[in-house]
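First up is the structure itself, then whatever we jot down about it.
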Amino acid sequence: MTEAYDPKQIEPKWHARWQQARLFRTQDDPSKPKCYVLAFFPYPSGDGLSVGHCRNYIPCDALARLMRMRGYNVLHPMGWDAFGLPAENEAINKGSHPKHTVPRYVANYKRQMNLIGLSYDWEREINSSQPDYYKWTQWWFLQLYKRGLAYRANAPVNWCPRCRTVLANEEVEGGKCWRCETLVEKRDMPQWFFKITAYADRLLHDLDELDWPEGIKQMQRHWIGRSEGVEFEMAIQGRPDLKFRVFTTRIDTVFGMTFAVLAPEHPLVDAITTPEQRAAVEAYRERARRLDEATRLSAERERTGVFTGAYAINPVNDEPVPIYIADYVLMTYGTGAIMAVPAHDERDYDFARKHGLPIRVVISPDGSVPDPDATPECYTGDGVMVNSGAFSGLPNREGMQRLGEWFEARGLGERKVNYRLRDWLISRQRYWGAPIPIVHCPACGEVPVPENQLPVLLPDVEAYQPSGTGESPLANIPEFVNTTCPQCGQVARRETDTMGGFACSSWYFLRFCDPHNDKEPFAQDKVRYWMPVDYYVGGAEHAVMHLLYARFWTKVGYDAGFVPVKEPFYRLRNQGMVLALTPYRPPREDETLREGEVGILVRRDQLEQMREQEKAQLFWQWEKMSKSRYNVVTPDEIVKRYSADTLRLYELFVAPFDTAIEWKEEGVKGMHRFLGRVWRLMREVRPCFVRDWRPILNESCQTPECPLDEPARKMRQRTHASLKKIAADIPDFKFNTAVAALMEWFNHMEDYWRGVNQQPCCADAMAVVSEAVECFILALSPFAPHIADELWEAYGFEGFTLQQPYPQYDESLARADEFEMVVQVNGKLRDRIVVPADISREAMEQLALQSPRVQAHLGGKPPRKVIVVPGKLVNIVV
RNA sequence: GCCCAGGUGGCGGAACGGUAGACGCGGGGGACUUAAAAUCCUCUGGGGCAACCCGUGCGGGUUCGAAUCCCGCCCUGGGCACCA
């Protein structure tokens with residue numbers, strides 16, 4: 001062993017050995033319990049990995065390594081979400097082609113992942129942009145198509161003018177594109193959809209069984225947005241040929257309807273608008289069409305709208321109410337039309353006040369009939385129905401029931417469940433994706449490509465940039481477009497849209513179970529063995545995108561019989577963000593700050609050239625680590641300055657797994673110091689290491705009164721208790737307390753060693769040290785595998801720590817044989833007494849009462865009550 | 001506005017309703033060194049000479065006992081936001 005800890009020597013050596021031994025290869029082994037540990041499918045970015053990304057990969061790796069040592073057959077794969085907007089946009093920005101950039105970036109990711117010692121089975125690596133993968137993505141499309149779950153329809157869709165493609169609802173965040181933050185526009189285009197709404201109820205209900213962060217489950221529930229209500233029909237005054245339907249969750253307020261509203265795009269608008277109102281209605285519709293999302297979403301949400309001139313008949317009292325159009329009613333939800341009850345709905349209330357419409361109270365909080373002359377407030381809570389004909393006097397909840405029945409009995413409407421969730425728009429007008437395997441034939445119409453003709457290869461072209469015409473660049477490639485109909489053999493055109501990247505990531509976790517199968521997407525026995533994923537780990541930003549889509553595909557596969565589970569991810573955990581200090585400077589005279597900006601971002605190179613005086617003006621903000629903010633710290637630089645094991649230990653220790661952290665280098669130094677101490681102690685102990693410590697300790701402890709002295713017993717207790725705690729904390733994602741336990745154990749070992757080292761070497765003590773040291777090296781291995789393997793070898797052991805079983809701990813040894821009994825008087829701490837672990841309640845009470853310090857606080861008064869908590873404390877109440 | 005998390009030393013954070021502050025960072029003092037770095041020892045919530053007292057965002061409550069449970073506020077972070 002070298003005198004000092006030398007990671008530059010150790011780490012590359014073990015990387016090579018691990019690779020040579022194919023140490024991380026996973027094979028199916030039905031005799032062992034399985035554990036599937038999976039990190040979110042990353043897209044390989046040109047910026048490479050930062051220490052922020054490692055916040056996910058390192059804990060997963062520690063978990064995977066521990067589970068292997070604990071006898072599980074662990075699947076811990078890695079692959080590349082290489083198709084889709086992120087990869088393609090990046091290639092465009094760099095003036096390159098994704099077919100060139102993707103392999104380069106992948107190579108760099110792999111290099112970095114190996115550098116920090118991640119134990120991926122690279123023999124299972126998959127890349128979603130390769131034909132051997134996307135062939136099966138296309139196969140999935142056909143399975144959905146076959147079941148009527150993939151369809152093409154003309155619909156108003158979200159168009160990103162910058163990315164020049166349509167986007168799914170889930171990809172629009174606050175009216176902006178998730179990739180480039182450009183405001184999206186509404187366009188009417190024929191597009192491909194997956195019918196995820198058919199699974200809305202199951203996607204909602206099955207959430208209950210999942211061990212996921214509550215916040216993510218809530219976000220999915222909200223996104224699905226189930227609501228129960230009544231849909232009913234309204235006639236139009238003087239137009240017996242026309243009628244429209246409305247949906248409401250508050251049918252109990254129907255007597256309060258004083259107007260009705262249609263969405264501006266509602267198909268009935270043209271027919272009902274009176275000649276006098278036509279000009280105003282047309283102008284409003286035109287405005288609504290043109291209005292961008294930003295204005296529609298702006299904080300000052302003005303309640304605009306115009307009167308159509310027509311009147312609808314309220315079916316409960318035959319009263320005519322004016323019909324308006326207004327953009328606060330969305331064509332895409334419910335029926336695109338509402339009954340408006342200003343007294344009990346905030347939006348209707350605002351609109352009524354603005355347009356001078358009557359407000360009729362029909363729900364009273366306390367049952368009193370309100371003064372008809374007073375200007376009513378808007379009340380949305382529960383209460384008693386008033387002004388509601390035969391229903392007056394009923395509690396509104398009961399009224400809802402009765403009115404539902406009333407509508408159904410008369411055939412005027414029915415109770416209905418509505419969802420906020422819309423079908424998943426999957427087609428993209430972009431090059432870098434899996435082509436949709438459909439042929440358009442003039443005679444047969446839409447024809448799916450037969451499975452045996454897959455894959456539909458993405459043509460290899462240089463000019464792949466999006467056209468912006470609403471057509472994919474593939475439309476300009478005649479060799480691709482022109483084909484024959486698989487059904488009738490006539491000349492036909494291929495579908496030229498590609499699938500969005502989220503299609504690829506909706507099933508990759510299944511492919512990892514059988515990654516090189518060229519006969520089918522995955523063999524049944526393999527997915528039955530490995531699925532579901534036991535630990536799925538990644539950022540919270542995919543709450544309603546990937547995590548919803550993957551659940552949907554899994555359920556489709558389950559129904560079709562080729563996926564063995566209803567839910568793909570049994571357990572989900574989100575890592576915390578990594579923030580870094582980001583420098584800003586005040587704006588110069590010719591510069592202005594945009595809204596929300598605190599200053600001008602300073603680049604790395606600019607920062608280095610700054611003079612002290614300028615630097616003093618900088619202000620630093622904690623922001624998410626990202627290349628665009630010039631605040632990235634790479635694992636490469638940390639490994640170079642310290643070591644991969646240091647980085648691993650630091651990221652595990654610094655905070656709870658799901659907490660955001662502020663990246664500071666001081667803490668890293670502390671971890672490096674710890675590894676240095678470990679190295680030095682191990683080097684000191686090595687000459688005295690007794691390989692046969694087991695029989696020695698067994699013999700010593702067989703006699704009833706264990707002859708080990710007190711420090712030795714305590715050392716053993718610490719060893720066994722630590723092994724237990726570490727093994728329990730890691731699967732619980734309490735990595736920080738696991739590392740703390742490791743350190744405490746080590747501190748204790750150091751003290752013990754120092755104590756016995758003064759004495760002549762006694763066999764028992766050396767056996768106790770040897771046990772501690774051997775177990776420690778193995779327990780260290782999931783966290784810091786390089787140094788662990790190096791020590792393992794230095795101590796003369798064969799093989800790799802990863803192949804060793806995690807040390808067995810003995811429950812009885814892990815228990816302390818004495819404890820510090822706390823004595824309280826009236827709940828306040830007054831004394832501590834060390835007592836044997838098996839002390840009786842009576843003895844505890846006695847000892848407590850005898851304590852002189854307790855006596856002083858009792859002041860001669862007799863105790864009124866004594867509470868004894870075995871193993872803990874005695875509380876004396878006076 | 002609504003829905004989630006979360007407020008504990010100088011800092012990151014520990015604490016099945018039972019010793020608040022484990023572990024680490026930073027800081028003070030000391031040893032080694034010509035010196036520095038590294039390393040090691042030691043102290044480190046506040047107040048008080050002490051016995052003790054005060055301390056987990058704020059105000060109440062439950063309890064023998066509350067950082068932990070309940071009620072009402074105040075902040076911070078994240079998510080959603082015309083969904084009838």
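Each chain gets a letter, A, B and so on, in the order its sequence line appears, and its residues count up from 1. These numbers were taken from a predicted model, which means no experiment stands behind them.
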Practice task
Name the nucleic acid region contacted by A/D348, choosing base, sugar-phosphate or nothing; use a 4.0 angstrom heavy-atom cut-off, strictly under.
Solution key: nothing
List every contact pair, protein side and nucleotides 66-72 of chain B side both N or O, where the distance is under 3.5 Å.
none

Practice task
Let me know the distance between CE of A/M400 and P of B/A84, rounded to the nearest Å.
Solution key: 12 Å
Exercise for the section: Ignoring backbone atoms, test whether A/R221 places a side-chain nitrogen or oxygen under 4.0 Å from the OP1 or OP2 oxygen of B/C80. Expected result: no
Problem - Working for salt bridge (charged side-chain N to carboxylate O under 4.0 Å, His left out), residues A/R415 and A/E228 - result: CA-CA 7 Å; A/R415 278 172 280 199; A/E228 292 178 11; over 6 Å; no
Problem - Out of B/C41, B/A22, B/G79, whichever nucleotide has its closest atom nearest the side chain of A/M219 - result: B/G79
Problem - Partners meeting side-chain hydrogen bond (donor to acceptor under 3.5 Å, both in side chains) with A/E623 (sequence neighbours left out) - result: A/Y584, A/R629
Exercise for the section: Look at the side-chain N and O atoms of A/R420 and state whether any lies under 4.0 Å from the OP1 or OP2 oxygen of B/C80. Expected result: no
Exercise for the section: Let me see the working for A/F351 and A/Y349 under ring-ring contact (aromatic ring centres under 6.0 Å, His included), right down to the final yes or no. Expected result: CA-CA 5 Å; A/F351 191 86; A/Y349 182 80; over 10 Å; no
Exercise for the section: Starting from the C-alpha separation in whole Å, work towards a yes-or-no answer on ring-ring contact (aromatic ring centres under 6.0 Å, His included) for A/W424 and A/F193. Expected result: CA-CA 5 Å; A/W424 170 16; A/F193 292 89; over 10 Å; no
Exercise for the section: Mind listing the residues from residues 869-878 of chain A sitting with a heavy atom below 4.0 Å of RNA chain B? Number order is fine. Expected result: A/V869, A/K872, A/L873, A/N875, A/V877
Practice task
Please check if the side chain of A/T258 supplies one atom and the backbone of A/P358 the other of a donor-acceptor pair under 3.5 Å.
Solution key: yes
Completion exercise
When rounded to the nearest 0.5 Å, the distance separating NE2 of A/H542 from CD of A/E170 is 12.5 Å
Exercise for the section: Answer with base, sugar-phosphate or nothing: what part of the nucleic acid does A/G670 contact at a heavy-atom distance below 4.0 Å? Expected result: sugar-phosphate
Practice task
Check the angle between the aromatic planes of A/Y324 and A/F259 and answer parallel, tilted or perpendicular using the 30° and 60° thresholds.
Solution key: perpendicular
Handout entry: A/D6: salt bridge (charged side-chain N to carboxylate O under 4.0 Å, His left out) partners, not counting sequence neighbours
Key = none
Exercise for the section: Taking atom P in both B/A20 and B/G55, compute the distance separating them and give it to the nearest angstrom. Expected result: 13 Å
Practice task
Please determine, for the side chain of A/V329, which listed nucleotide (B/A15, B/A84, B/C25) has the closest atom?
Solution key: B/A84
Problem - Within 6.0 angstrom of A/K243 NZ, more than 12 heavy atoms from elsewhere - result: no
Could you pull out every donor-acceptor pair under 3.5 Å between side chains of residues 719-726 of chain A and any protein atom, sequence neighbours left out?
unit_1, atom_1, unit_2, atom_2, d
A/T719, OG1, A/M715, O, 3.1
A/T719, OG1, A/W745, NE1, 3.3
A/H720, ND1, A/D810, N, 2.9
A/H720, NE2, A/E771, OE2, 2.7
A/S722, OG, A/R718, O, 2.6
A/K724, NZ, A/E811, OE1, 3.1
A/K725, NZ, A/D729, OD2, 2.9

Handout entry: Mutual orientation of the aromatic rings belonging to A/Y642 and A/H672 [parallel < 30°, tilted 30-60°, perpendicular > 60°]
Key = perpendicular
Handout entry: Separation between the P atoms of B/G61 and B/G6, rounded to whole Å
Key = 26 Å
Practice task
Write down the distance separating the C1' atoms in B/A5 and B/G30, rounded off to the nearest Å.
Solution key: 45 Å
Practice task
Mark up nucleotides 43-56 of chain B, 5' to 3', with B wherever a protein heavy atom is under 4.0 angstrom from a base atom, S wherever such an atom reaches only the sugar-phosphate, and - elsewhere.
Solution key: ---------SSS--
Problem - N/O (side chain, A/R673) to phosphate O (OP1/OP2, B/C40) under 4.0 Å - result: no
Handout entry: Syn or anti conformation of B/G30, syn meaning chi within 90° of 0
Key = anti
Practice task
Determine the interatomic distance between P on B/C23 and the same-named atom on B/A14; round to the nearest Å.
Solution key: 14 Å
Handout entry: Nearest-angstrom distance, P atom, B/C16 to B/U68
Key = 13 Å
Exercise for the section: Write down the distance separating the P atoms in B/A67 and B/C74, rounded off to the nearest Å. Expected result: 23 Å
Completion exercise
With B for base contact, S for sugar-phosphate-only contact and - for none (protein heavy atoms under 4.0 Å), nucleotides 3-14 of chain B reads -S------SBSS
Problem - Distance in angstrom units between A/H222 NE2 and B/C80 P, rounded - result: 9 Å
Completion exercise
When rounded to the nearest 0.5 Å, the distance separating CG of A/L548 from CD1 of A/I224 is 5.5 Å
Handout entry: Residues which pass side-chain hydrogen bond (donor to acceptor under 3.5 Å, both in side chains) with A/R285, listed by chain and number, not counting sequence neighbours
Key = none
Exercise for the section: To the nearest Å, give me how far apart CZ (A/R754) and C1' (B/U39) are. Expected result: 11 Å
Practice task
Would you kindly check if the NZ (Lys) or CZ (Arg) of A/R420 is within the cone defined by 45 degrees around the ring axis of A/W223 and under 6.0 Å from the six-membered ring centre?
Solution key: yes
Exercise for the section: With heavy atoms under 4.0 Å as the rule, sort A/R677 into base, sugar-phosphate or nothing. Expected result: sugar-phosphate
Exercise for the section: Grab the CD-P distance between A/E346 and B/A81 for me, whole Å please. Expected result: 19 Å
Practice task
In whole angstrom, give the distance that lies between atom CE of A/M844 and atom P of B/C64.
Solution key: 19 Å
Handout entry: SG-CD1 distance between A/C378 and A/I359, expressed to the nearest 0.5 angstrom
Key = 8.5 Å
Practice task
Could you check A/I867 against A/M339 and say which one's nearest nucleotide on RNA chain B is further toward the 5' end?
Solution key: A/I867
Handout entry: With sequence neighbours excluded, residues passing side-chain contact (heavy atoms from CB on, under 4.5 Å) with A/A856
Key = none
Fill in the blank from the handout: Annotated structure of RNA chain B as dot-bracket, pair cut-off 3.5 Å, Watson-Crick or G-U only, | for inter-strand, is (((((((..(((.....[....)))((((((.......))))))(((....)))..(((((..]....))))))))))))....
Handout entry: Interatomic distance, A/L742 CG vs B/A22 C1' [rounded to whole Å]
Key = 14 Å
Problem - Rounded distance (Å) that lies between atom P of B/G78 and atom CD of A/E623 - result: 11 Å
Practice task
Could you pick out which residue, A/W223 or A/A740, lies toward the 5' side of RNA chain B when each is mapped onto its nearest nucleotide?
Solution key: A/A740
Handout entry: With A/N418 via side-chain contact (heavy atoms from CB on, under 4.5 Å) - residues at least two apart
Key = A/S227, A/F247, A/Y333
Problem - Distance, P atom - from B/G78 to B/A31, rounded to whole angstrom - result: 49 Å
Under 3.5 Å, which donor-acceptor pairs link side chains of residues 647-657 of chain A to any protein atom two or more places apart or in another chain?
unit_1, atom_1, unit_2, atom_2, d
A/R648, NE, A/F783, O, 2.8
A/R648, NH1, A/D61, OD2, 2.9
A/R648, NH1, A/I116, O, 3.0
A/R648, NH1, A/G117, O, 3.2
A/R648, NH2, A/D61, OD2, 2.8
A/R648, NH2, A/P782, O, 2.9
A/Y650, OH, A/K664, O, 3.2
A/E651, OE1, A/R55, N, 3.0

